[in-house]
Every structure is written in structure tokens, then in C-alpha cells.
Amino acid sequence: MNQVQHNAIVNFIWSIADDVLRDVYTRGKYRDIILPFTVLRRLDAILEPTKDKVLEMHQKLNEMKIDNQSAQLSKTSGYVFYNTSNYTFKRLLNEPGNIRQNLETYLDGFSSNVQDIISKFKLRNQLETLEEGNITFPLIEKFCSSTINLSPMPVTDKDGKVVMEGLTNLGMGYVFEELIRKFNEENNEEAGEHFTPREIIRLMTHLIFEPLKGKIKDGTYLIYDPACGSGGMLTEAEHFAKKLNPKATFHLYGQEVNPETYAICKADMLIKDEDPEKIAFGSTLSKDGFPNLQFDFMISNPPYGKTWKVDKDAILDKKDIIDPRFTVGVPRVNDGQLLFVMNIVSKLKTNSELGSRAATIHNGSALFTGDAGQGETEIRKYLFENDLLEAVIALPNDLFYNTGIPTYIFILNNKKEEKRKGKLQLINVTSEQFYSKMRKPLGKKRVEFSKDHIRKITDLFLNFENNEHSIILDNEDFGYSQITVHRPQRDEDGHIIKDSRGNPKSDTSLKDKENIPLKDDIDVFFAKEVTPFVPDLPAQKPISGEFCVYVLKCADGSFYKGQTNDFPRRMKEHENGEISWTAKNLPVEIIHWEIFQTRKDAVEREDYLKTGRGRDWLKKQYEDKKLKSFERQAGAWYKKSETKIGYEINFAKYFYQHKAPRSLEEISADIFKIEEETEHLLKEIVEA
């Protein structure tokens with residue numbers, strides 16, 4: 001789209017609010033007028049060339065006493081909507097004294113599909129306020145200005161030279177979205193709830209469609225967005241798909257819960273000659289607008305971190321899941337993003353050659369929230385065990401208008417190519433080579449993708465190779481077995497308390513959960529990790545509320561003293577029997593180990609050890625304590641019947657790169673430099 005034209009239109013419409021509405025409406029209410037009138041003027045400009053023909057046809061059909069006139073009037077207008085009143089925006093200006101009544105007549109003249117849009121905007125509720133403020137005429141006059149063109153047809157001079165380009169449907173979508181963003185920014189609202197930056201949508205369309213280049217035939221395909229906002233994702237998806245095969249037919253389906261953005265989306269579909277009934281109003285979670293349909297392509301940015309409490313009664317009957325889309329499990333009520341994933345899964349085509357491909361945006365919560373057996377984990381488990389997740393792409397921060405938190409694109413596919421079967425590709429594009437910083441932030445959006453960035457990211461996905469930005473792993477690598485570790489109850493003398501059958505009683509205060517990689521043998525892992533693996537030392541981490549004191553002698557002769565509640569996890573036993581401490585990565589000799597109930601006791605003991613009587617004393621203390629420590633931790637067991645399988649995707653685990661802190665010399669040099677500058681500055685002030 002012509003950026004100059006786009007900016008001129010947005011700025012002009014934005015100026016109408018200040019020029020006309022200022023003394024009648026508060027700034028927070030400007031959008032209630034500007035957005036619906038922008039939609040109406042766009043529809044009006046489209047219908048203007050065929051207006052007289054529609055009126056003639058309407059009169060003829062009335063004379064023939066034909067009641068159902070929709071099909072014929074739509075054919076005459078050239079669109080799936082029409083207006084049978086005698087007015088256009090420009091003709092309304094011919095009778096300033098009757099403009100309120102004529103405007104109502106004009107609104108009543110629209111076809112039923114436009115009436116739904118007017119109703120969702122609640123525009124008729126505003127007519128009295130406009131009349132009382134005496135601003136109806138100047139408002140319409142502004143929208144009829146010859147300095148902007150909201151029609152798809154270009155404006156030409158008497159010689160046929162183009163004075164102003166026509167505004168395409170895609171361009172009109174940009175205008176709507178920019179107006180919404182500006183209004184929301186003025187009102188400190190969440191612009192990103194209504195639309196997604198276009199370059200992110202373009203990346204998603206590349207990831208969905210490019211793997212099928214040459215495979216999309218001259219048939220009919222359905223594209224769906226369950227949280228379609230103002231329709232930008234659907235428009236971009238169709239635009240890109242048409243490039244791959246201009247002969248193919250694509251039908252757009254969407255559902256939106258916000259009345260205002262639903263109205264804009266439906267207007268956009270009307271203008272593009274799409275069936276407006278394919279845009280459903282209402283919550284996708286509580287009432288599926290297309291329960292009997294499956295789709296070839298799906299693209300969405302559902303709300304994340306947003307409660308689904310209002311949908312709860314339609315999904316759950318007490319604790320029973322009654323919606324078949326979500327029988328796998330439901331997440332916590334404060335975040336419904338994974339419900340949108342399962343809605344998409346329910347609409348994957350199983351009886352087509354290509355299957356279905358989907359791209360959907362989520363925050364980090366969708367990757368790892370929930371223990372094994374809980375709703376979030378059960379959903380991820382279903383995706384992995386049914387091999388539906390093809391790739392997850394980590395995006396840069398500050399890419400969206402309303403949030404700076406880490407976000408991710410999920411790519412779903414139920415007909416993976418052979419090399420991708422049973423695998424998940426992780427792609428990390430958070431480094432600066434994959435984005436550029438904006439000169440001026442838009443809301444919280446400070447970075448953006450260029451065409452080159454989108455190409456580079458898409459190639460990472462298509463090449464399907466292991467490198468510093470792309471890692472390919474088996475689905476099983478993301479799974480784990482969660483076991484509950486039981487420890488016996490003990491009396492005051494440390495003896496195990498047994499039940500009537502002679503089995504140790506489990507001390508509920510000492511229960512602990514361990515996550516074991518799915519590929520590992522649980523019994524072997526339990527023997528090596530949960531029971532002691534360091535000679536004469538309990539490897540089990542202290543339970544919640546316990547703290548440890550340890551003294552290590554490193555191979556370089558230095559002593560490492562410290563207090564922690566995660567000590568054994570940071571140790572590693574090598575094949576030669578040496579023990580290494582991961583913080584230093586050096587072989588160590590265990591000098592002393594103690595467990596304390598409180599941090600205060602541990603700190604006091606640590607302070608005492610630091611001023612102790614040397615290594616021999618520490619060794620003796622260790623010998624006295626080790627047996628008691630063993631008894632305290634020994635006798636652990638788990639029940640296989642309690643084992644649960646979970647899945648999580650931990651990006652940091654695979655892409656984390658340690659950055660060494662600055663050296664003391666560098667820091668000292670900077671401090672001395674600042675001190676020197678301060679000294680000179682102070683001297684100048686004193687001497688002045």
C-alpha cells in the first residue's frame with residue numbers, strides 16, 4: 001500500500017475527531033463515532049457508482065410486488081450489500097435542516113447484513129447526541145471531503161489523470177487498525193487485543209503456506225481465525241495464498257467476541273464480496289460458530305493471560321467437561337489460550353490429502369505451565385502424543401503493541417512430511433539479526449520484522465536443520481515422568497514407624513515430586529538420583545524448609561563454603577569416580593555436610609565453620625554427622641500407580657548461552673574514570 005496515502009487518510013480521519021467532536025464528546029468516546037462513520041463512508045463510496053441503478057431496480061421490484069429483493073439488488077449493486085434509501089453521504093448534505101431524519105432513513109435503507117454492523121456499533125444510540133451538539137452536518141461533510149478517497153476507485157481529473165489512488169481492501173484494513181491503535185493508545189487500552197502487527201501475520205502466512213508451495217490445487221480451501229478481531233489475519237492469509245495459486249478459491253471464516261471489531265471485520269468481508277455469515281459473533285470458547293466445519297488453514301492470535309470464567313458454564317458442568325472440543329483437559333480459569341489451541345485441533349481436516357496447517361501465537365505460559373496431570377500439561381501431552389506440533393518459534397520481545405513479554409508462534413500440522421514425523425523444531429529468533437529497532441515506538445512495540453527478516457526466519461523453518469538458531473528434537477525429549485517420592489515417618493529416636501502390615505508409614509511432610517526424563521528408566525533414575533550417588537552423602541535435595549551447609553575443597557586448593565537448598569543437583573559424578581562442582585567445574589573433596597531445619601540455624605552454623613579449627617575438625621564433624629544424615633534420607637520409595645506423564649517446552653534449556661560477567665579490572669577502570677570526571681567537574685564548579 002502507498003504509505004503516504006495511508007498516513008494522509010489516517011491523519012485526516014483522526015483530525016475529524018478534534019475538529020468536530022471536541023466540545024460534544026470526551027476523548028474516550030471519539031471512537032464511538034469515528035469508527036462507525038469510517039465504515040459507513042467506505043460502504044457509501046463503494047455503492048455510490050451503482051446507487052441510481054439500485055434505486056431503479058428497487059422501484060421496479062416494488063411495482064412487481066416482489067418482497068424478497070436481496071439477490072437482485074445485490075446483483076445490481078455489484079456487492080453482497082446495498083442501500084435502498086434515496087440518500088448517499090453527499091446527498092445528505094443537500095438538506096441540512098432535515099439531516100437527522102434523513103440520516104436515519106439512510107441507515108434504515110441498508111441491507112440486513114449491514115444492519116448487523118450498525119447494530120454492533122450501537123450507532124443509532126448516538127444520533128440524538130449528534131443532533132443536540134449540532135454536529136451531524138459538519139461530521140458528514142468532513143467525511144465527504146475531496147482531500148481523501150475512501151473508495152476503491154481512483155479519483156481522476158478532467159484529462160483522466162489519477163489525482164488520488166483508490167483505497168484497496170487491504171489498505172482499508174490498515175486504516176481501520178491504525179485508527180483503533182491510536183484510539184486505544186489515547187485511552188490507555190489494549191490495542192493488541194484487536195489486531196496483530198502485519199509483519200507478524202506475514203511471517204505466520206509464510207510458515208503456513210510455503211511448505212505447500214506447488215501443492216495447493218485449483219480447488220476450494222477454507223481459512224479460519226477463531227479470534228479474528230478486525231479480520232487482518234484472514235485478509236493477509238488469503239492475500240498470500242492467492243500468490244501461490246491465483247486459480248484456487250479461498251473462503252474466510254472467523255469469530256469475534258468484541259462487538260466493535262466484529263462490526264469492522266464483517267464490513268471488511270462485505271466489501272471483499274465474502275459471505276458475511278462466515279463471520280460469527282460471540283465467544284468461540286462458549287459457543288462455537290462453526291461446530292460442523294473443518295478447515296484447511298488456521299491462523300490466530302488468541303488472548304493470553306485472560307480469564308475464561310464467563311465461558312466456564314458452557315465448558316464445565318461442575319468438574320465434568322461437557323464440550324467435546326476440550327475433553328483432553330482444561331487449563332486454569334485465569335488463562336484460556338490453550339483452549340483456543342484445542343478448538344483449532346478439533347477443526348483439523350483428517351480426510352484431505354494435505355491435512356490442515358495452523359499458526360497461533362502464545363506467551364510462555366503455554367509452554368510450561370502446570371504439573372503433570374493438570375489441564376495445561378494434558379493439552380501439551382495430547383499435541384505431542386498425536387504428533388500435531390511441528391515447530392515453535394520464539395519471537396523477540398517488544399514486537400506487539402500491547403505487551404513486551406516473550407511470545408511464541410506454534411505451528412500445527414496433522415499431515416507432517418516424513419522427515420518431521422515424531423519431531424519438533426525449536427527456532428529462536430530473539431537475537432538482533434532477526435529484527436530491527438523502530439525509530440519511534442508504537443505503544444509497547446519497539447522492534448519490527450522487515451521482508452528480509454521474514455525470509456530469513458522462514459528459511460530456518462524450511463531448511464529443517466540443527467544450528468545455533470534451530471534445534472530439532474524427538475517429541476519424547478519434551479516428556480517427563482512425574483513421581484511422588486515418599487519417606488518414612490520416624491519417632492523421636494529416628495526409628496521408622498510402620499503400619500499394621502509392617503510397611504513404613506509415609507511422612508506426608510516429606511513428600512516430594514521428581515520429574516524424570518521420559519526416555520529414562522524410572523527405577524534406574526530413582527536409584528542413581530533420588531537415593532545417594534555421592535559416596536557417603538545424601539544426594540536427595542533437602543525438603544521444603546530444610547537448608548544445608550557444606551564445605552568443599554576444590555582441586556585448586558581453595559575452599560568453597562556455602563549454604564543452599566539445591567546442592568546435590570549441582571554435583572556430577574564422573575566415570576573415574578571424581579566429583580565435580582558445576583559452579584567451578586573442578587574436582588572437589590567433600591569436607592562437611594549438614595542439614596538444618598531453618599535458614600537461621602544454617603547461617604549460624606556456616607559462620608561458625610568459617611572460623612572453625614581447620615580441616616581435621618571439619619572431617620571429624622562430618623564423620624559424626626554422616627550416619628545421621630543417611631538415616632534421615634534413607635528408605636525413600638515411590639508408587640508406579642502414582643506416576644504421571646507430562647510435557648513442557650523449555651526454550652532456555654536449549655538456547656541459553658552464558659555471558660561471562662565483566663572482569664573486576666574493567667569495572668574498576670570504569671569507576672576510576674567516573675571518579676576522575678567527577679573530580680574535574682567539582683573542581684570546575686569550585687573555581688567558578
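These numbers come from a predicted model, not from an experiment.
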side-chain hydrogen bond (donor to acceptor under 3.5 Å, both in side chains) between Y224 and S300, intermediate numbers included: CA-CA 8 Å; Y224 170 64; S300 188; over 6 Å; no
Flag yes if more than 12 heavy atoms outside [X] fall under 6.0 Å of its [atom1] atom; otherwise flag no.
X    : atom1 : result
K419 : NZ    : yes
M153 : CE    : no
F464 : CZ    : yes
K75  : NZ    : no

Can you tell me how far [atom2] of [Y] sits from [atom1] of [X], rounded to the nearest 0.5 angstrom?
X    : Y    : atom1 : atom2 : value
I645 : E476 : CD1   : CD    : 9.5 Å
N343 : L339 : CG    : CG    : 9.0 Å
E277 : K266 : CD    : NZ    : 5.0 Å
M269 : H251 : CE    : NE2   : 13.0 Å
L338 : W308 : CG    : CH2   : 11.5 Å
F290 : K278 : CZ    : NZ    : 9.5 Å

side-chain hydrogen bond (donor to acceptor under 3.5 Å, both in side chains) between D268 and T235, worked out: CA-CA 9 Å; D268 191 34; T235 301; 3.2 Å; yes
Measure the shortest side-chain to side-chain distance between [X] and [Y] over non-hydrogen atoms and say whether it is less than 4.5 angstrom.
X    : Y    : answer
I649 : V392 : yes
Y435 : E432 : yes
R420 : I472 : no
F655 : T430 : no
T360 : F340 : no

May I ask you to say whether [X] pairs ionically with [Y], meaning some side-chain N is under 4.0 Å from a carboxylate O?
X    : Y    : answer
K120 : E256 : no
K421 : E418 : yes
D452 : K456 : no
E390 : K416 : no
E448 : R198 : no
R380 : E648 : no

Verdict with supporting geometry, Q433 and H469, side-chain hydrogen bond (donor to acceptor under 3.5 Å, both in side chains): CA-CA 11 Å; Q433 62 182 291; H469 304 294; 3.2 Å; yes
Do you know the tightest heavy-atom contact between [X] and [Y]?
X    : Y    : answer
E199 : L399 : OE2-CD1, 4.1 Å
M172 : L167 : SD-CD2, 3.3 Å
Y480 : T377 : OH-CG2, 3.9 Å
F326 : I321 : O-CD1, 3.3 Å
T50  : S77  : OG1-O, 3.3 Å

Verify side chain to side chain contact (heavy atoms under 4.5 Å, CB included) between N301 and I200, making sure each step is shown before the conclusion. CA-CA 10 Å; N301 180 11; I200 304 174; over 6 Å; no
Residue from K243, R455, R202 passing salt bridge (charged side-chain N to carboxylate O under 4.0 Å, His left out) with E210: R455
Distance only, no hydrogens: is a donor on one side chain within 3.5 Å (strictly under) of an acceptor on the other, for E465 and N467? no
In sequence, state the C-alpha distance, the side-chain angles, and the governing distance for V341 and L383, and then conclude on side chain to side chain contact (heavy atoms under 4.5 Å, CB included). CA-CA 9 Å; V341 172; L383 297 177; 4.1 Å; yes
Under the side-chain hydrogen bond (donor to acceptor under 3.5 Å, both in side chains) test, residues paired with N83 that sit two or more places apart: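 Result, side-chain hydrogen bond (donor to acceptor under 3.5 Å, both in side chains) vs N83: K51, S85.
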Could you give me the CA-CA distance, side-chain angles and deciding distance for L389 and F410, then say whether side chain to side chain contact (heavy atoms under 4.5 Å, CB included) is met? CA-CA 7 Å; L389 203 53; F410 284 27; 4.0 Å; yes
Identify all side-chain donor-acceptor contacts of residues 211-218 below 3.5 Å with residues at least two apart in sequence or on another chain.
unit_1: K217; atom_1: NZ; unit_2: E353; atom_2: OE1; d: 3.3
unit_1: D218; atom_1: OD1; unit_2: N245; atom_2: ND2; d: 2.9

Y654 and N428: CA distance, side-chain angles, deciding distance, side-chain hydrogen bond (donor to acceptor under 3.5 Å, both in side chains) verdict: CA-CA 10 Å; Y654 303 107; N428 181 20; over 6 Å; no
